[in-house]
Student: 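I am attaching a structure below and will ask some questions about it afterwards.
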Protein chains: 4
Amino acid sequence: MEGYPIGQHKHITPPKAANREQRSEESRARILKAATSIFAEKGPEGARVDEIADQAGINKRMLYHYFGNKENLYLEVLRYNYNKIYTLSKNAINLADEPKVNVARAIRAYFYFLADNEAYVRLTSWEALCVGRFTGKLFPQFFDLIELEFDDLIKDGIERGCIRPDIDIRQAILSVRALCLAYFTQRKIVQSLWREDIFSEEMLEACLQHILNLIFDGLFI
Amino acid sequence: MEGYPIGQHKHITPPKAANREQRSEESRARILKAATSIFAEKGPEGARVDEIADQAGINKRMLYHYFGNKENLYLEVLRYNYNKIYTLSKNAINLADEPKVNVARAIRAYFYFLADNEAYVRLTSWEALCVGRFTGKLFPQFFDLIELEFDDLIKDGIERGCIRPDIDIRQAILSVRALCLAYFTQRKIVQSLWREDIFSEEMLEACLQHILNLIFDGLFI
Amino acid sequence: MEGYPIGQHKHITPPKAANREQRSEESRARILKAATSIFAEKGPEGARVDEIADQAGINKRMLYHYFGNKENLYLEVLRYNYNKIYTLSKNAINLADEPKVNVARAIRAYFYFLADNEAYVRLTSWEALCVGRFTGKLFPQFFDLIELEFDDLIKDGIERGCIRPDIDIRQAILSVRALCLAYFTQRKIVQSLWREDIFSEEMLEACLQHILNLIFDGLFI
Amino acid sequence: MEGYPIGQHKHITPPKAANREQRSEESRARILKAATSIFAEKGPEGARVDEIADQAGINKRMLYHYFGNKENLYLEVLRYNYNKIYTLSKNAINLADEPKVNVARAIRAYFYFLADNEAYVRLTSWEALCVGRFTGKLFPQFFDLIELEFDDLIKDGIERGCIRPDIDIRQAILSVRALCLAYFTQRKIVQSLWREDIFSEEMLEACLQHILNLIFDGLFI
DNA sequence: AATGAATGAGCTTTCATTCAT
DNA sequence: AATGAATGAAAGCTCATTCAT
C-alpha cells in the first residue's frame, strides 16, 4: 500500500515473485499481530475470525490460506509469543555470578517482561484454563525448558549453601512464576483495589521488591 | 430452605404448596450445580445453555424462567460459589492465637478449600480473564472482605514483632493467594510435569509446606 | 381471596356452586377484558398469552380452561367487542325522521363510539390485515347486519329525493366507515402531525363536522 | 443502479469486480422483494426471517449480512416502498391546470397506484397499527411531504373560489387517503361482500368515480 | 376451580468455513 | 496472491400449551 522504496523494486532478480513473497510475509505478520491481540483479549472462544481479519486489514480468506483454521492460528499465536520469553530466559543466567544475583536478575527480567507483554500474560492464562479444549499442549514444553535452565542454577545455590537444600525445584519455579504473574493476571481487579497506578515505575519496582523479599526472606521475621 | 418449625415435621398432611416450592427449589439447585460445573469447565463463553440444561436434567425453558438469561445465570453461579469461601475465611482467624498460628491455619484452610473446589478455582480464573466482558465485578467485593479480615491479623503480627513492619498487606494477600492458586489453576499442566499424583494426601501436604516455608522463611537461607 | 360477603354465603341453596359459578364468570370477564386490551394493542401475533394472564391477574392455566387456546380467545374477544357496535347501530335509526337527520345521527353515534372505543378500532384493523391468517371471518357478518340496517334508510332517502339515486349503498357505507375510522386508526400518526390535542371535545366535533360536510356537500363548491 | 455511462455498456471485458457488485446488488434486491411481499402479507411480527430468506432464494446469513437484523430489514422495506409513492405524487400536480382537474388527476393516480401496489397498502396499514412497537416513524415524514405538495394546490383552489374556504387541508388529505385506501385495506372483506370482481377494470373505475363524486358533491343532493 | 412447574417446537441471530472469480 | 459472496450448523432465547397437584 505504501508502495516500494523508490529505486528498489528492480534490485532482486525475479522482482514480482520476491515482492509477492515479501507481501505475503507482511500479511502473515499482520494477521499474527492482530490475532495475538484479539486472542489475548478474548480468549480462543471469544475471539472472532472476522474481527481478526478486520484488524489485520486483510481478507478473511487469506487468514485461512495462511493458517488453515482458527485453532491452528491460535496455536501459531502461542508459539510466536512463547518464543519471546524463551530467548529472554536464556540471557538472564550467568553461572559465574552468585546464585542470589542470578535469581534476582532472572526474576527481575521475567517480571518486567510480563509488565511489558500483557498479551503473553493473558495467553498463558487462557491456555491454562483451556487445556484439553483448545490445545494447551504447547506451554508444558516451554516449562520444561525453563526448568532445565534453572535446574543448574538452583543446584549450584544449594551446593554453595545459600539455598535451602530441601527445596523442590519445580515448586520453586511454580511459586516464582505465580508470584510474578499474579500482578498482571489480576491486573484489572488489582487496579480497582489499589489507589495508585499499578504501572507506574515506582509501583512496579515496589512489587518486584516485595516478591524478592518474599523469596529471600519470607514475610515473617 | 428454612425447614419446618421444629416439632412439626411429622404432621401427616404434606402441604401441597410446600411440595411445589420444594420441587422448584430443587430444580433451581440442580441448574445451579450443573451450571457451576460447566461454567467452571468451559468459561462463560464456552459454556452452552443446552448443555447446562441437559446436565441439570431440566428443560432449557426453565433455566430461563429461573435465571433470566445466560449471563445472569453465570453471575448467580459466581455468587453461589464465592459465598462458600467467604464463610470459610470468617472461621479461620482467632486473634487469641499467635499470628503465625493464625496465618498458617488460614493458609491451610484456604489451600485445602481450593484443593476440594476445583470449580471455584476455575471460576475465579475465568473471571480474572473476562473482566469487562462478562461481569468481573463480583470478585473485587470479596477481595475487599478478605482484606478486611486479614488486616487486623497482620497488624497484630507487626505489633508483636513477628511480621516485617514494611509489609504491604494487599501485596501479601495477593501473594499468598497466588501461591495457593498456582497449583490448582495450573493443575493439568503441573500434573503433566510431576511424576507423582498431585492430589495425593502427601503431595498436597508437601505443597502446602512449601508455601508455608516460603511465607515464613523465603527460599534462601 | 377477599372471602364471601359476610352473611351471604347461606342465601342461595347450593351456596358453593353458585359462588363458584360467580367467581368463574368473574374470571372469564377479567380475562376477556385483559385480552381485549392486549390483542387491541399488539394484535393477534404480538399478543402474549402470559401477558394477558398476568394482566387479568389469573393463572394462565385458567385461560386455557375457559377459552381453549389463544386463537379462540382472540375470536371471543372479537365477538365480545363487535357486539357493542351492533347494539349501537340498532338505536341510531328512526325512519320517522328525515334521512339527513338519521344519517347525521348515525354517523355521529358511530364516530363517537370509535372515539370512546380504541380497542374496537384497533381490533377491526388487525382483523382486516390478518384475514385468512387469524380468523377474519367474523367481521363480514357484522358488516352484513349494518348494511341491512342502512339499506332501508338510504333507499328511503333516494325515494324522498335527497340522496343521489346513483349511489351504491355498499360503497357509501364503506366510505363513511373509512372516513370515521381514519382519525382513530391513524391516531398516533395524526397526533404527531396535528399541533392540537386530537381528543379534545372541540377537535373531535370539528372532525365530525368535516366528515358530515363532506358527505353532504363534498369538498368542492 | 446508476448504470454505465452511455456508450460504454458494450465493452467486451466484463469487469470482475462489477460482476461481483452486480450479483451482490441482485441479492439485496431479491431479499428486499421477498421481504416486501412477506412483511406486507404477515406484518413485522408475523413475518419469519427463514421464510423471507427461502423466498429470496438465499442463505439466511446473507440477509443479516446485508440488513443487520429483522427490524432494520423491515425499515428498509418501508423506505423502499414509500419512495415509490413519493415520486408518484410529485408528478401528479401541475398548477397550470384547473384545481378540479389537478385533484381528480392526483386522486386517480393515487387510487390506481394503490390498486397496483397491494404491498404498499398493507405496509402502511401494519405501520399504523404497530406505531411505537416496530418503528412507525417513517410514514409521518412522507405524510409531511404530501401535505407540502397539496398545500399549494388547495390554497390555489380556495383562491379561485372552487374549494370551500373553511376546509382544513390536513383533514382533507386524511379523508381522501382514507377513502382510497378503504377499498384495498378491506380488500378481502369487501371482496366477500361484493358479488363482482373488485379488481375488474369497470369496478375499479366505478369505485374511483364514487370517491370523486363524494369529494366534489357529497352523497346528498 | 385453581395453580406453579414443565415442555418441545420454533424463533432470531452468530460463526467458522468454503466457493467462485 | 487476493477477494466478496455464500453457507450450514448451532447458539441463545421465546412461546403456546400441558402436567400434576
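FYI, side chains are in, hydrogens and waters are out, and symmetry mates aren't considered; it's all heavy atoms of this structure. Letters A, B, ... mirror the listed sequences (proteins, then strands); counts begin at 1. This structure is a prediction, so every number in the text was calculated from the model and none was measured.
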Student: Categorize D50(D) for me: base, sugar-phosphate, or nothing, with a 4.0 angstrom heavy-atom threshold over every strand shown.
Tutor: base

Student: If dT3(F) has a Watson-Crick or G-U wobble mate with both distances under 3.5 Å, name it; if not, just say none.
Tutor: dA20(E)

Student: Examine distances only and state if a side-chain atom of R122(A) and a backbone atom of L129(B) form a donor-acceptor pair shorter than 3.5 Å.
Tutor: yes

Student: Of all the choices, dG4(E), dT18(F), dA5(E), which nucleotide is nearest to the side chain of N59(C) once you look at every atom?
Tutor: dG4(E)

Student: Nearest-Å distance, CG (N72(D)) to C1' (dT13(E))?
Tutor: 14 Å

Student: Just compare dA5(E), dG4(E), dT13(E) and give me whichever is closest to any side-chain atom of K70(D).
Tutor: dT13(E)

Student: Please give, in whole Å, the distance from dT13(E) P to R48(A) CZ?
Tutor: 17 Å

Student: For DNA chain E, whose closest nucleotide is more 5', that of G57(C) or that of E45(D)?
Tutor: G57(C)

Student: For K42(A) and dA16(E), give me the distance from atom NZ to atom P, rounded to whole Å.
Tutor: 11 Å

Student: E51(A) CD to dT14(E) C1': how many Å, rounded?
Tutor: 14 Å

Student: Taking for each residue the nucleotide of DNA chain E with the nearest heavy atom, is it R61(C) or I58(B) whose nucleotide lies nearer the 5' end?
Tutor: R61(C)

Student: Where each residue is assigned the nucleotide of DNA chain F containing its nearest heavy atom, which of S27(A) and R30(D) is assigned the position nearer the 5′ end?
Tutor: S27(A)

Student: Out of dA5(F), dA2(E), dT7(E), which has the shortest distance to the side chain of M62(C)?
Tutor: dA2(E)

Student: Do L73(B) and Y64(B) have side chains that get closer than 4.5 Å, going by heavy atoms?
Tutor: no

Student: Does one side chain, of E127(D) or Y82(D), offer a donor that lies under 3.5 Å from an acceptor on the other?
Tutor: yes

Student: Round to the nearest Å and state the distance from D54(B) atom CG to dG8(E) atom P.
Tutor: 11 Å

Student: Report the base-pairing partner of dA10(F) (Watson-Crick or G-U wobble, both distances below 3.5 angstrom), or none.
Tutor: dT13(E)

Student: When you check the gap from the basic side-chain N to the acidic O, do E45(B) and K42(A) get nearer than 4.0 Å?
Tutor: no

Student: Heavy atoms under 4.0 Å, any strand shown: does Y66(D) hit a base, just sugar-phosphate, or nothing?
Tutor: sugar-phosphate

Student: In whole angstroms, how far is the C1' atom of dA1(E) from the CZ atom of R28(C)?
Tutor: 15 Å

Student: Toward the 5' end of DNA chain F, which comes first, N69(C) or G68(B), by nearest nucleotide?
Tutor: G68(B)

Student: Of the nucleotides dA2(F), dT18(F), dA5(F), which has the atom closest to the H65(D) side chain?
Tutor: dA5(F)

Student: NA contact type, A47(B), heavy-atom cut-off 4.0 Å: base, sugar-phosphate, or nothing?
Tutor: sugar-phosphate

Student: Does a sphere of radius 6.0 Å around OH in Y80(D) hold more than 12 heavy atoms from other residues, nucleotides or ligands, not counting ones at 6.0 Å or beyond?
Tutor: no

Student: Tell me: OH of Y64(C) to C1' of dA2(E), nearest whole Å?
Tutor: 16 Å

Student: Do the side chains of L32(C) and Y66(C) get nearer than 4.5 Å, heavy atoms only?
Tutor: no

Student: Give the rounded distance in Å between these two atoms: CD1 of I31(B) and P of dA5(E).
Tutor: 11 Å

Student: Can you tell me which nucleotide in dA1(E), dC13(F), dT17(F) comes closest to the side chain of K60(C)?
Tutor: dT17(F)

Student: Please check the phosphate of dG4(F) (OP1 and OP2 only) for any side-chain N or O of S24(D) closer than 4.0 Å.
Tutor: no

